[in-house]
Amino acid sequence: MKMRIENVLIVDPVKGEFTGDVLLESGKIKSISPRELKKYDAILMPGFVDPHTHGCAGIDTMKMSKEELGKWENFLYSQGVTAFLPTTVSANEKDMIHVSTLVGEYIKERTSTSVYGIHYEGPYINVGKKGAQNQKTIRNATAKEMENVLYPHVRLITMAPEVGGFYDVLPRLKENGTVISLGHTDANFLDMKRAFLNGVDRITHFPNAIKSLHHRELGGVGAGFYLDFNVEMIVDGVHLAPEFVDMVYRTKGAGKIMLITDSIEAAVLKDGKYDLGGLKVSVKDGKATLSNGSLAGSTLLFGQAVKNFKRFTNCSLKELSRVSSYNTAINLKIKNIGRIKEGYKANLVLLDKELNVSKTYLSGEIVYER
Ligand code: FE
């Protein structure tokens with residue numbers, strides 16, 4: 001099947017912004033025709049990638065059925081998301097295996113899907129930085145347990161480098177192609193640096209749930225700035241001040257930032273009471289907290305995260321396409337998405353000038369139209 005997208009501003013994270021047309025064929029980008037235009041109708045960007053989301057619209061990674069995962073996938077098209085990782089919370093071995101099996105089967109049963117695997121957030125994290133993770137299930141990593149819970153589609157795992165077993169399981173994770181992200185950690189600067197020197201160059205929801213910066217002990221926050229880490233950020237204006245987002249953008253640059261939602265099932269639903277991995281969460285004015293006031297995931301939607309980042313930093317559209325898709329695709333070693341380039345998968349999002357999603361394409365098919 002062929003399709004032509006005409007009169008658009010094409011935004012590629014590498015080549016930049018130019019006007020013209022794009023031809024899609026057999027699920028891929030067949031050709032790109034740059035063309036001088038006085039004005040364009042819409043903005044075309046690579047489809048967004050969310051590597052860290054626990055759920056939305058009443059659907060939760062830990063409790064979902066395959067049918068619900070399908071509904072979740074469908075909903076995310078409205079946000080321009082064409083690749084995402086359902087993300088677990090700290091859980092026992094049995095629950096981890098259950099979720100992984102379900103996601104693995106779901107992917108296998110489809111020829112085209114935006115589900116690219118799973119992200120284990122915990123349980124091998126620091127209890128002292130648990131945030132909204134259930135303390136009862138937090139534990140050390142062991143090689144034996146890792147063998148049981150590891151599948152080829154476990155693309156990402158959030159771990160604390162100071163927690164027992166971290167260096168025992170590292171080689172096995174690397175061999176599996178699983179990307180390790182440091183998070184929910186009280187590691188000091190040297191522990192962060194040691195992990196970095198061992199090839200772990202990613203931080204989960206920076207700077208939330210990591211050790212603060214002190215001028216004599218830089219902590220995880222200082223390590224995030226000082227070392228060449230790639231950092232996830234929840235740009236909802238609640239988890240971090242807009243100025244912090246801008247500060248990371250100015251110091252580290254758009255090449256090192258990956259937007260995530262960290263959304264929970266309450267996203268898109270009304271304010272009220274919800275459950276997150278066995279913990280009670282209340283949502284008021286879109287802000288999700290535990291009874292002790294800890295932030296418990298977000299109700300952020302990806303489309304809004306993209307708009308917020310642009311507003312907080314005044315970045316270029318090229319940079320916006322880096323933080324919303326390209327950086328994560330590279331980081332997770334997914335080769336054929338995240339660019340508008342010949343031969344790449346036709347996973348695209350069409351936006352109006354206010355950055356509202358108007359159309360989403362998955363493998364060259366329109367999967368959402370406003
Ligand atoms: Fe978290």
Side-chain angles (χ1 to χ4, degrees), residues 50-56 60-63 84-91 95-96 99 118-139 141 154-163 166 178-187 192 195 200 202-212 219-221 223-224 229-236 238-240 244-245 248 257-267 274-283 287-302 305 328 331-332:
D50 187 356
H52 189 157
T53 168
H54 300 281
C56 78
D60 178 288
T61 302
M62 302 310 294
K63 293 177 292 190
F84 73 106
L85 302 181
T87 303
T88 62
V89 288
S90 292
D95 289 348
M96 291 169 81
V99 177
I118 199 160
H119 173 179
Y120 283 153
E121 189 182 14
Y124 320 114
I125 56 174
N126 192 316
V127 176
K129 288 286 184 189
K130 65 182 188 309
Q133 300 266 352
N134 194 338
Q135 184 163 350
K136 285 182 206 150
T137 57
I138 294 173
R139 56 192 180 272
V154 178
R155 276 203 187 261
L156 186 57
I157 184 167
T158 292
M159 295 176 74
E162 75 281 20
V163 163
F166 181 83
T178 305
V179 175
I180 301 136
S181 194
L182 305 177
H184 290 276
T185 167
D186 203 28
M192 295 294 284
V200 182
R202 189 186 197 285
I203 297 178
T204 297
H205 51 48
F206 183 77
N208 300 110
I210 62 174
K211 195 181 175 82
S212 299
V221 176
F229 276 108
N230 298 292
V231 298
E232 291 185 349
M233 292 183 90
I234 311 170
V235 184
D236 60 353
V238 173
H239 281 74
L240 25 136
F244 189 92
V245 177
V248 177
I257 298 169
M258 297 171 286
L259 296 185
I260 63 164
T261 59
D262 197 10
S263 62
I264 60 170
E265 63 171 317
Y274 299 92
D275 174 274
L276 181 72
L279 300 178
K280 286 189 176 56
V281 173
S282 62
V283 177
K287 185 173 167 181
T289 50
L290 300 179
S291 55
N292 67 6
S294 260
L295 287 174
S298 84
T299 57
L300 178 65
L301 298 177
F302 210 94
T328 298
N331 180 258
L332 297 177

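Since this is a predicted model, take the numbers as computed values, not measurements. Both ligands and their constituent atoms are indexed starting at 1 by order of listing. In what follows, every heavy atom counts, from backbone to side chain, and hydrogens, waters and symmetry copies are set aside.
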**Item:** Atoms named by residue and atom, protein N, O or S, within reach of the Fe ion (ligand 1) (under 2.8 Å)
**Value:**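 Within the sphere that stays under 2.8 Å of the Fe ion (ligand 1), the protein atoms of type N, O or S are Glu121 OE2, His184 NE2, His205 NE2.
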Among side-chain atoms of [X] and [Y], is any donor-acceptor pair under 3.5 angstrom?
{"X": "Glu232", "Y": "His205", "answer": "no"}
{"X": "Ser181", "Y": "Thr204", "answer": "yes"}
{"X": "Thr158", "Y": "His119", "answer": "yes"}

**Prompt:** Does a salt bridge link Lys63 with Asp275, judged by any charged N lying under 4.0 Å from a carboxylate O?
**Reply:** yes
**Request:** Could you pull out all residues at least two apart from Phe166 that satisfy ring-ring contact (aromatic ring centres under 6.0 Å, His included)?
**Result:**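 ring-ring contact (aromatic ring centres under 6.0 Å, His included) check on Phe166 returns nothing, list empty.
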**Request:** Report the C-alpha separation of Asp50 and Thr261 in whole Å, then their side-chain angles, then the decisive distance to 0.1 Å, and conclude whether the side-chain hydrogen bond (donor to acceptor under 3.5 Å, both in side chains) test is met.
**Result:** CA-CA 7 Å; Asp50 187 356; Thr261 59; 2.6 Å; yes
